[in-house]
Amino acid sequence: MDALVRLLQLLVLLLTLPLHIMALLGFWEPLCKSYFPYLMAVLAAKTNRKMEGKKREIFSQIKGLAGASGKMALLELGCGTGANFQFYPSGCRITCLDPNPNFEKFLTKSMAENRHLEYERFVVAFGEDMKQLADGSMDVVVCTLVLCSVQSPRKVLQEVQRVLRPGGLFFFWEHVAEPRGSWAFLWQQVAEPTWKHIGDGCRLTRETWKDLESAQFSELQMERQPPPFKWLPVGPHIMGKAVK
C-alpha cells in the first residue's frame, strides 16, 4: 500500500509540476497568501449555509459565560474572513488572530455586517505563539478549520489553554483524516503533498482528535460529522468544546 501511495503521489506531482517548482523557488507562498482569502470567502459562505444550524447550536452556549457586565472576551483563532461572527451572541468582545494579514479587508466587511459585536483588535500572529495575548485573558477561544494547517497543533492547544481563564471554553470544528486503511485515506495521502500548497498549508491526514484528547482539558465533548462538501478531498469533521 505504501508503494502504491508513493507511485500515485509521484504521478500527481508530475501533473502539478509547475506548482511544486514555484513552491520550491519561493514564488508560490506569496501568491497563495494573496488569493487564499478570496477562496475562503467563497467557501465560508457556502459552508455557513450548510452548517448554520450546528453553528448556532454550539455557539449559543457562549451566552452562559457572560458576567455581570454582560461582556465576554472571545478570541477567534485563525479568524479568516470572520465567517463565524454572525453566530456569536451580543456582548462578545472579539479579538481576531491570523498569520495572514490579507484577511483584514474581509474582516472589516464582516465587522460592518455584525454590529451586535464589539471588536478589539486584529493580531497578525501564528497560533503557536500568541505572546501578544495575556495569560487567562479570554473567556472563549474559537477555532474552525485551522488546526489542519498549523505547524504544531499541540503547541496551539497549549497556547489556547494559556490565554483561557479557568473554566473558559474552547470551541472547535476541524476536518480530520479518514480511517486508516480505507481507500479514502489512501487518496488523502496521495493528494496531501499537492493540496497543502493549494490550501495554504492544509494537511488532509491529521488525526486532530488525538491532539485534543491529549491536551489535558478538564472536559472534552466531541462529535464526528460527514464532510460538508463531497467534491473536496477533505475528510470527516469533528465539532465540540473543551473546558480549561
Side-chain angles (χ1 to χ4, degrees), residues 5 36 40 47 51 54-55 58-59 61-62 74-80 83-84 95-100 123 125-133 135-182 184-189 191-193 195-228 232-244:
V5 168
F36 194 66
M40 288 305 297
T47 299
M51 295 297 299
K54 274 292 184 184
K55 283 193 173 185
I58 193 167
F59 292 138
Q61 300 174 63
I62 295 173
L74 186 152
L75 169 65
E76 173 98 26
L77 178 59
C79 55
N84 291 323
T95 297
C96 302
L97 184 142
D98 202 288
N100 188 347
V123 180
F126 291 95
E128 292 91 341
D129 184 10
M130 299 190 285
K131 60 187 175 185
Q132 298 179 60
L133 305 179
D135 295 2
S137 58
M138 297 293 160
D139 299 306
V140 179
V141 176
V142 175
C143 177
T144 59
L145 304 180
V146 172
L147 296 178
C148 60
S149 60
V150 300
Q151 289 296 317
S152 173
R154 180 182 60 83
K155 289 182 180 179
V156 172
L157 293 174
Q158 287 175 348
E159 280 289 88
V160 167
Q161 290 182 312
R162 180 185 66 79
V163 302
L164 271 177
R165 64 164 174 80
L169 295 183
F170 172 54
F171 294 97
F172 57 89
W173 182 57
E174 299 288 338
H175 71 81
V176 295
E178 296 280 3
R180 286 181 177 267
S182 67
F185 181 70
L186 181 146
W187 288 113
Q188 284 186 321
Q189 290 177 289
E192 187 166 77
W195 181 257
K196 70 180 181 182
H197 293 307
I198 298 171
D200 197 17
C202 175
R203 272 74 166 184
L204 298 169
T205 60
R206 282 207 167 147
E207 297 173 325
T208 307
W209 67 89
K210 294 182 179 179
D211 296 302
L212 288 161
E213 289 169 349
S214 62
Q216 298 183 336
F217 286 101
S218 65
E219 181 184 338
L220 177 64
Q221 298 177 13
M222 181 165 41
E223 65 176 78
R224 197 174 180 89
Q225 302 168 343
L232 288 176
V234 297
H237 288 54
I238 54 173
M239 174 180 269
K241 70 174 182 180
V243 183
K244 179 175 176 180

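All values reported here derive from a predicted model rather than from experimental measurement.
- Glu178 and Trp187 are not linked by any side-chain donor-acceptor pair at a separation below 3.5 angstrom, with hydrogens and angles left out of the test.
- Separation of atoms NZ (Lys244) and CG (Asp139) is listed at 11.5 Å; rounding is to 0.5 Å.
- Donor-acceptor pairing under 3.5 Å is recorded for the side chains of Glu192 and Thr205.
- Gln161 contributes atom CD, which lies 12.0 Å from atom CG of Asp135 (distance to the nearest 0.5 angstrom).
- Judged by the 6.0 Å distance and 45° axis criteria, Arg224 is positioned over the aromatic ring of Trp209.
- Within 6.0 Å of CZ on Phe126 lie no more than 12 heavy atoms contributed by other residues, nucleotides or ligands.
- The existence of a salt bridge linking Glu159 and Arg162 is confirmed by a sub-4.0 Å separation between a basic side-chain nitrogen and an acidic carboxylate oxygen.
- Between Cys148 and Arg206, the shortest heavy-atom contact is O-NH1, 3.3 Å.
- Checked for salt-bridge contact, Asp211 and Arg154 miss the test: no charged N lies under 4.0 Å from a carboxylate O.
- Residues Phe171 and Cys143 are not in side-chain contact: their nearest non-hydrogen atoms beyond the backbone lie 4.5 Å or more apart.
- When all heavy atoms of Pro227 and His237 are compared, the closest pair comes out as CA-ND1, 3.7 Å.
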Quiz item: Would Trp195 and Arg203 satisfy side chain to side chain contact (heavy atoms under 4.5 Å, CB included), going step by step from the backbone distance to the final call?
Solution: CA-CA 8 Å; Trp195 181 257; Arg203 272 74 166 184; over 6 Å; no
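- Counting heavy atoms from C-beta on, the side chains of Pro153 and Val150 come closer than 4.5 Å.
- The heavy-atom pair separating Asn84 from Glu76 by the smallest distance is ND2-OE2, 2.9 Å.
- Separation of atoms CD (Gln132) and OG (Ser137) is listed at 11.5 Å; rounding is to 0.5 Å.
- Ion pairing of Lys241 with Glu223 is absent here, as no side-chain N (NZ or NE/NH1/NH2) approaches a carboxylate O to less than 4.0 Å.
- In this structure, the side chain of Glu128 does not engage the main chain of Lys155 through any donor-acceptor pair within 3.5 Å.
- Ring orientation note: the planes of Phe217 and Phe170 are close to parallel, at an angle under 30° on the 30°/60° scale.
- Shown here for Met239 and Ile58, the closest heavy-atom pair between the two residues is CG-CD1, 3.7 Å.
- Taking CG of Leu147 as the start and SG of Cys202 as the end, the distance is 11.0 Å to the nearest 0.5 Å.
- Between Trp173 and Ile238, every side-chain heavy-atom pair lies at or beyond the 4.5 Å cut-off.
- One finds the NE2 atom of His175 at 6.0 Å from the CG atom of Leu204 (value rounded to the nearest 0.5 Å).
- For the pair Glu174 and Thr144, the tightest heavy-atom approach, listed with the atom from each and the gap, is OE2-C, 3.8 Å.
- The two residues Met138 and Leu133 make their nearest non-hydrogen contact at CE-CD2, 4.4 Å.
- No side-chain heavy atom of Val123 sits less than 4.5 Å from a side-chain heavy atom of Asp98.
- In summary, the side chains of Asp200 and Ser149 do not present any donor paired with an acceptor at a separation below 3.5 Å, with no hydrogens or angles considered.
- The number of heavy atoms from other shown groups lying within 6.0 Å of CD (Glu207) is above 12.
- How far CZ of Phe59 is from CG of Leu169: 11.5 Å, rounded to the nearest 0.5 Å.
- Using a 4.5 Å heavy-atom cutoff, the side chains of Val163 and Leu75 are in contact.
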